[in-house]
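What follows is a single structure, written as structure tokens, with notes after it.
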Protein chains: 2
Amino acid sequence: MSDLLQRLRDRGWRLTAQRRVIAEVLDGEHVHYTADEVHAKAARRLPEISRASVYNTLGELVALGEIVEVTTDGRAKRYDPNAHHPHQHLVCAGCGMMRDVQLTQDPMAALPEGERFGFAVSEVAVTYYGRCPDCVAGA
Amino acid sequence: MSDLLQRLRDRGWRLTAQRRVIAEVLDGEHVHYTADEVHAKAARRLPEISRASVYNTLGELVALGEIVEVTTDGRAKRYDPNAHHPHQHLVCAGCGMMRDVQLTQDPMAALPEGERFGFAVSEVAVTYYGRCPDCVAGA
DNA sequence: GTCTTGACTTGGACATAGTCCAATATAGGA
DNA sequence: TCCTATATTGGACTATGTCCAAGTCAAGAC
């Protein structure tokens, strides 16, 4: 993620303070923040940053393939900066916490040709649901 | 689905006109309506039905395991009455249309023990994304 | 058939997540 | 330093979903 700003500059992005702060917030190992969480964390460094800029920037980063939008429940979308390493997600049904997981089989291979109904299938998302150790202990 | 009303009655449900109409709307082969779509279709038969009743009834049916709530994008949740036959979903990124699909491998088997991080994993959802024949032709 | 009662329904206010837009500010090239 | 296309801003607006007090009604008791 450290060279993200360089890649964006190479693509003709204007490097504003807002974009820089948002990129910094997303820089981390197992980060899956909602747009509002990104906004709150960004605002600690740049108090006047607007929600609109956060939504704009996240949308642009998704379009560029630098981050991935993840929807697990019907709540807020989360943004996953680990876009360059294919992986799936494990979600706690209690607290919503998310972890990246690696599968031993390619899920795309599990969908036979006869079940594609003429679709041009391009992506697959696998989400596991359960209770994290904290929520199991708490319940 | 035809015996759904009987099952509900057996569980002590009051059989109201609203619940009957909602159950009828959900009765179909490959139906994946949003709550608002269910409300619109129900209102054609029972014009005074309220949105609150639709949300209440759908929530109760989900809790009873008679239908399954499906979230694919960040938009409205969809409700899948095909709850008694395990399956996954294929979604058109263009128009949002959904199909049920059967996989050749159990996706739960693809998550090794070492990737469970102490979670009590109970469910898995696999969603394939692509473009349906109509959207491919239209684009 | 009528009564009774607790479960169900209703409309509207409220909450949350996200989008849109016109006015303003600014990064970066000339 | 200036210019201008691009980015940011606040606030209004939309979509989806939740909550609640008041009124209604299904179905068991008689």
Side-chain angles (χ1 to χ4, degrees), chain A residues 4-25 32-43 45-64 66-79 96 98, chain B residues 4-25 32-43 45-64 66-79 95-96:
Chain A
L4 168 62
L5 292 176
Q6 188 55 52
R7 285 204 301 281
L8 294 177
R9 195 196 303 267
D10 292 346
R11 301 209 214 194
W13 261 38
R14 283 246 287 256
L15 230 340
T16 66
Q18 290 82 352
R19 287 171 168 180
R20 211 184 300 265
V21 169
I22 291 169
E24 283 168 10
V25 168
H32 302 96
Y33 295 139
T34 64
D36 264 4
E37 286 168 354
V38 171
H39 179 240
K41 287 171 197 298
R45 296 179 179 226
L46 192 65
E48 69 276 22
I49 192 171
S50 71
R51 290 192 334 120
S53 287
V54 173
Y55 278 103
N56 287 344
T57 303
L58 289 174
E60 289 155 357
L61 289 170
V62 169
L64 291 177
E66 294 288 347
I67 63 178
V68 174
E69 202 174 77
V70 186
T71 309
T72 57
D73 49 4
R75 314 297 302 271
K77 293 174 195 165
R78 292 179 178 273
Y79 294 88
M98 249 172 106
Chain B
L4 168 62
L5 292 176
Q6 188 55 52
R7 286 203 301 281
L8 296 176
R9 194 196 303 266
D10 293 346
R11 301 210 215 193
W13 261 39
R14 279 250 267 281
L15 232 334
T16 66
Q18 290 81 354
R19 287 173 168 178
R20 212 184 298 267
V21 169
I22 291 169
E24 283 168 10
V25 168
H32 301 97
Y33 296 139
T34 64
D36 264 5
E37 285 167 354
V38 172
H39 180 240
K41 286 171 196 297
R45 294 178 179 229
L46 192 65
E48 69 276 24
I49 194 170
S50 70
R51 290 193 333 122
S53 286
V54 173
Y55 278 105
N56 287 344
T57 302
L58 290 173
E60 289 155 357
L61 289 170
V62 169
L64 291 177
E66 294 288 348
I67 63 177
V68 174
E69 202 175 77
V70 187
T71 310
T72 55
D73 50 3
R75 314 297 303 270
K77 294 173 194 164
R78 292 178 178 273
Y79 294 89
C95 62

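Since we're looking at a predicted model, the values are computed, not measured. Chain A is the first sequence line, chain B the second, and so forth, proteins listed ahead of strands; every chain is numbered from 1.
Arg14(B) contributes no side-chain N or O that forms a donor-acceptor pair with the base of dA27(D) under 3.5 Å. For Arg51(A) against dG18(C), a side-chain-to-base donor-acceptor contact under 3.5 Å is present.
At least one side-chain heavy atom of Ile22(B) sits under 4.5 Å from a side-chain heavy atom of Ile49(B). Counting heavy atoms from C-beta on, the side chains of Arg19(B) and Leu8(B) never come closer than 4.5 Å. Between Thr57(A) and Gln18(A), every side-chain heavy-atom pair lies at or beyond the 4.5 Å cut-off.
Spacing between atom CD of Glu48(A) and atom P of dA7(D) amounts to 18 Å, rounded to whole angstrom units. Put simply, CG on Leu46(A) is 13 Å from C1' on dA7(D), counting in whole angstrom units. Atom CD in Glu37(B) sits about 14 Å away from atom P in dA15(D), given to the nearest Å. Between Leu8(B) atom CG and dA26(D) atom P there is a gap of 16 Å when expressed in whole angstrom units. Spacing between atom CG of Leu61(A) and atom P of dA7(D) amounts to 12 Å, rounded to whole angstrom units. A straight line from CG of Leu58(B) to P of dT16(D) spans 14 Å, rounded to a whole angstrom. Nucleotide dA25(C) holds its P atom 17 Å from the CD1 atom of Ile49(A), rounded to whole Å. Here dA17(C) presents its C1' atom at 14 Å from NE2 of His39(A), a figure rounded to the nearest Å.
Within the 4.0 angstrom heavy-atom criterion, only backbone atoms of the sugar-phosphate kind lie near Arg19(A); the bases stay farther away. Contacts of Ala52(B) with the nucleic acid, taken as non-hydrogen atoms under 4.0 Å apart, include base atoms. Looking at heavy-atom distances under 4.0 Å, Thr16(B) makes contact with sugar-phosphate atoms alone, never a base.
Put simply, Ser53(A) has a side-chain N or O that comes within less than 4.0 Å of OP1 or OP2 on dT9(D). Regarding contacts with the backbone of dG17(D), a side-chain N or O of Tyr55(B) is found under 4.0 angstrom from either OP1 or OP2. Taking 4.0 angstrom as the limit, Gln18(B) places a side-chain polar atom (N or O) nearer than this to OP1 or OP2 of dT10(C).
With respect to Arg11(B) and Glu60(B), no salt bridge is recorded, no charged nitrogen being found less than 4.0 Å from a carboxylate O.
Among all heavy-atom pairs drawn from Thr34(B) and Ala76(B), the shortest one is CG2-CB, 3.9 Å.
For Arg75(A), counting side-chain heavy atoms from C-beta on, the closest listed nucleotide (dG28(C), dA17(C), dT10(C)) is dA17(C). Distances from the side chain of Leu15(A) to the nucleotides dA27(D), dG11(C), dG28(C) place dG28(C) closest.
When each of Tyr79(A) and Gly12(B) is assigned the nucleotide of DNA chain C bearing its nearest heavy atom, the one mapping closer to the 5' terminus is Gly12(B). Across the interface with DNA chain D, nearest-nucleotide mapping of Asn56(A) and Ala17(B) shows Asn56(A) to be the residue nearer the 5′ end.
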